Each structure stands twice: as structure tokens, then as C-alpha cells.
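The block underneath contains the structure these notes are about, expressed in C-alpha cells.
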Amino acid sequence: MKSEPNEFSLDDLRNSPDGTACWDGVRNYQARNFMRDDMKVGDQMFYYHSRIAPVGIVGVAEIVREGYPDHTAFDPDDPHFDPKSDPDNPRWFMVDVRFVKAFSRCLTLTELKACEALEGMMVTRRGQRLSVQPVTPEEWKTVLRLADA
DNA sequence: GCCAACGTTGGC
DNA sequence: GCCAACGTTGGC
């Protein structure tokens, strides 16, 4: 899951009450579907810092609450307000995530791209903007191994 | 800050 | 339902 560190960094998550926060503001249907339909309590995720260098995976978090309506879509004062999301039929969903660990360093996108085993990983593909992406078990292990190296 | 890639919107 | 125009994302 991607986040711009100046918006909400892994440290921000760690410093949140109980290391837990809701992953609000996602306004892409594919990303929403992953959160609404596929993510289960106990699932782990990589925390990816986008936009601001060094760009890459900085740690691990886990899902502690499964998909539920993103209330920020209902709030006209919220930057992620979406008038088309009806509280009776919510368009956008989010999950709650809890801090698990920070890598000793940022595993940069450059490194991920340089790793042969991660050639098929979504985040290494050109033009891939999706902010919530699936990771295969093999990719998961490979990334953890790189992070420990 | 640039701009390529992508997703969404809306006229037809 | 096509597709041009537009807005956004995100690496660089």
C-alpha cells in the first residue's frame, strides 16, 4: 500500500494510537476492491513511500479491520469528499492497519527493479499507479530477504 | 516541477 | 458504448 510520507508516513502510523489508523482517501475502484473484498484481518502489507525520495518499501503493517465505508467521502470539508458516495450506498471503502515493523532502511524502487525475482511484481512495472496492489507469497519472501540483507 | 501513463467523465 | 478531453498519479 502506497502513501506519500509527507501525507502519512510509516512513522505517522507507528505514532498513531495503538499504532493503528484507517487507510482513508483511496478513490480508485480497483484499489477499493482489494480493500473491500480481499484484505482480511491478520493479512500483512508492505508500506510503500511514494513521490518523495527515497521511494520504496519502508516496513510492514497488518490489517486489523476489514473493509468498511470510508467516512471521509461523506464530509464536504474533507479533501477526499465525494458527493457521489451516498452513506446508504457507500462508494468508497477502507481498512484499518496497524504498524508491525520498520525496515532498517528504505528498500528503494531501484533495488526492487534490480531484483530478478521481482520482475513480475506490480510495483516494479512501468506506469503502475495503483495505490493498493497484491503481492504474491514469493514476492513477499523476496522483499523481506532483501530488507534483511 | 515536468510529463508520461493512466483512470474517469461526458458529449455524441 | 466509443473516445477525446481532462484530471491525477508518481517516478524522475
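Letters go in sequence order (proteins before strands), and every chain restarts at 1. All figures in this text were calculated on a predicted structure; none of them were measured in a lab.
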Going by chain and number, the hydrophobic cluster around A/Leu146 (ILVMFWY, side chain to side chain under 4.5 Å) further includes A/Phe46, A/Tyr48, A/Val55, A/Ile57, A/Val60, A/Val100, A/Phe103, A/Leu107, A/Leu109, A/Leu112, A/Leu118, A/Met121, A/Val123, A/Val135, A/Trp140, A/Val143, A/Leu144
Applying side chain to side chain donor-acceptor pair (under 3.5 Å) to A/Trp23 and not counting sequence neighbours gives none
Whether each nucleotide of nucleotides 3-9 of chain B has a protein heavy atom under 4.0 Å at its base (B), only at its sugar-phosphate (S) or at neither (-) is summarised, 5' to 3', as -SBBSSS
To the nearest angstrom, the CD1-C1' distance between A/Ile57 and C/dG10 comes to 16 Å
Contacts of A/Thr108 meeting side chain to side chain donor-acceptor pair (under 3.5 Å) (sequence neighbours excluded), chain-then-number -> A/Glu111
For A/Arg36, the side chain to side chain donor-acceptor pair (under 3.5 Å) test, sequence neighbours excluded, returns A/Asn33
Separation of B/dG1 atom P from A/Asn6 atom CG, nearest Å, is 14 Å
Sequence neighbours excluded, the answer for side chain to side chain donor-acceptor pair (under 3.5 Å) partners of A/Asp38 is none
